[in-house]
Number of protein chains: 2
Amino acid sequence: MMEKRRRGNDLDSAILDAAWLELSERGYAGLTMEAVAARAGTSRPVLSRRWDGRAALTVAALRHQMHKHPLTVKDRGDLRKELLELLDRAADRAAGVAVGLAFFANEYFQHTRSSPLELRAQLLLGEANVLTPILDRAVARGEIDAKKLVPEVTTLLTDLFRHHVLMTWTAPPPAMRKIWVDAIFLPLVRAR
Amino acid sequence: MMEKRRRGNDLDSAILDAAWLELSERGYAGLTMEAVAARAGTSRPVLSRRWDGRAALTVAALRHQMHKHPLTVKDRGDLRKELLELLDRAADRAAGVAVGLAFFANEYFQHTRSSPLELRAQLLLGEANVLTPILDRAVARGEIDAKKLVPEVTTLLTDLFRHHVLMTWTAPPPAMRKIWVDAIFLPLVRAR
DNA sequence: TTAATAAGATACATTTCCGCATCTTGACGC
DNA sequence: GCGTCAAGATGCGGAAATGTATCTTATTAA
């Protein structure tokens with residue numbers, strides 16, 4: 001029987017995709033090396049040679065997935081447009097947020113004494129903050145009042161987004177995102 | 001050797017307290033019947049006779065703990081006072097929120113297709129909503145504008161609270177709670 | 001063409017935790 | 001005081017995963 005064998009990056013990628021599908025369907029708690037190997041069409045030893053257990057595999061799969069949905073928002077000359085676009089892009093990453101928290105709740109908490117906040121910081125290492133430049137541009141345009149941007153207000157939108165994902169395990173619908181922007185965030189920061 | 005034996009409710013309560021301490025220290029993922037039994041000074045069969053596995057034990061411990069911190073806020077004639085008191089009381093339940101989510105992420109997701117939102121609804125069955133009467137009183141007093149109470153705004157404070165707990169695994173400090181009330185919630189709903 | 005490398009299959013030992021069966025003994029009702 | 005019931009101790013068997021050793025074979029580079 002002639003078999004095709006994948007190697008190196010091809011194989012890495014195939015395994016990480018398989019791991020991601022498993023994570024999406026079963027959750028981190030239901031993830032097994034066996035199932036990932038089977039879905040990727042390979043066997044456990046191949047995974048063991050690459051990653052040190054399912055925790056490391058999960059982090060790798062998470063990074064791999066995040067890499068597919070880069071989060072950037074270009075200057076559109078209008079704060080509202082940019083915020084809505086940011087939330088729209090973030091929706092693609094909702095599943096990753098959920099998996100990340102499940103991972104933390106399952107494992108990270110046991111071995112470290114840290115919080116999901118720190119896990120998030122680790123996962124996002126190297127990624128640029130997207131919100132800050134958006135708000136900086138809006139301040140420069142005179143759209144919003146810099147004095148109103150206390151930390152709790154600054155992170156309001158992303159916090160609401162994250163909260164919704166954590167509680168429903170799904171991305172917030174567009175209508176909800178519009179209300180967050182128009183009825184909550186903008187009224188709080190608008191220069192007037 | 002003379003030994004004292006606890007029975008019925010005394011024993012139940014001792015085991016649930018032990019389970020709660022284990023949950024606080026190790027998290028749900030690190031919870032074992034063995035450890036709970038040991039900490040409660042009893043043995044595994046005693047737990048097995050009462051609860052069907054650690055999932056049921058966790059839910060029971062969660063309910064038991066919630067029962068110790070009832071969440072009620074009396075009429076104080078002032079919305080701001082009542083909101084701050086609500087958040088203050090909620091801080092006692094922060095650990096419960098964290099454990100609840102960890103439990104969901106570990107187990108609930110695998111067996112049901114539901115969300116933490118639904119798990120929360122199950123856990124809070126029978127408990128009265130505390131926020132609603134507070135806001136109703138404030139509307140009656142003319143402190144806030146009922147038209148501004150869209151759902152996303154109504155739940156804003158408790159959502160921010162929950163988000164903070166989920167991300168930091170700790171209760172938000174009083175200063176932060178004050179900013180939420182004074183710089184975010186009240187400006188959005190104040191009748192003017 | 002050939003030699004080195006790594007993929008893929010299989011099997012084995014280990015670990016961890018659970019439920020249950022069994023047995024003794026203390027607690028409580030009558 | 002006595003009988004019933006459940007607490008508490010102990011041990012066994014099983015389920016679920018994991019890591020690793022071993023072996024064959026496809027792939028790739030020289």
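Sequence lines set the chain letters: A, B, ... in the order given, protein chains first and strands last, and positions in each chain run from 1.
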Between [N] ([atom2]) and [X] ([atom1]): distance, integer Å:
X: Leu11(B); N: dC28(C); atom1: CG; atom2: C1'; value: 15 Å
X: Asp10(A); N: dA26(D); atom1: CG; atom2: C1'; value: 15 Å
X: Arg5(B); N: dA7(D); atom1: CZ; atom2: C1'; value: 4 Å
X: Gln110(B); N: dA16(D); atom1: CD; atom2: P; value: 13 Å
X: Tyr28(A); N: dA17(D); atom1: OH; atom2: P; value: 13 Å
X: Ile15(B); N: dA7(D); atom1: CD1; atom2: C1'; value: 10 Å

Side-chain donor-acceptor pairs under 3.5 Å in residues 51-61 of chain A, sequence neighbours left out?
| residue | atom | partner | partner atom | Å |
| --- | --- | --- | --- | --- |
| Arg54(A) | NH1 | Tyr28(A) | O | 3.0 |
| Arg54(A) | NH1 | Leu31(A) | O | 3.1 |
| Thr58(A) | OG1 | Arg54(A) | O | 2.7 |

* Would you tell me if any nitrogen or oxygen in the side chain of Thr42(A) comes within less than 4.0 Å of OP1 or OP2 on dA7(C)? => no

* To do: Measure the spacing between CE of Met167(B) and CG of Leu166(A) and express it to the nearest 0.5 Å.
  => 7.0 Å

Nucleotide N/O to protein N/O under 3.5 Å, stretch nucleotides 17-21 of chain C:
| residue | atom | partner | partner atom | Å |
| --- | --- | --- | --- | --- |
| dC18(C) | OP1 | Met33(B) | N | 3.1 |
| dC18(C) | OP2 | Met33(B) | N | 3.3 |
| dG19(C) | OP2 | Ser48(B) | OG | 3.4 |
| dG19(C) | O6 | Arg44(B) | NH1 | 3.2 |

* Asked: Side chains of Arg162(B) and His163(A): do they bring a donor and an acceptor to under 3.5 Å?
  -> yes

* Regarding Asp10(B) and Ser13(B), is there a side-chain donor-to-acceptor distance under 3.5 Å anywhere? -> no

* Structure fact -> The answer to which of Arg6(B) and Ser43(A) contacts DNA chain C further toward the 5' end, by nearest nucleotide, is Ser43(A)

* **Single-linkage hydrophobic cluster Val165(A)~Leu119(B), side-chain heavy atoms < 4.5 angstrom** => no

* Quick one: sort the Phe104(B) and Trp169(A) rings into parallel, tilted or perpendicular, breaks at 30° and 60°. => perpendicular

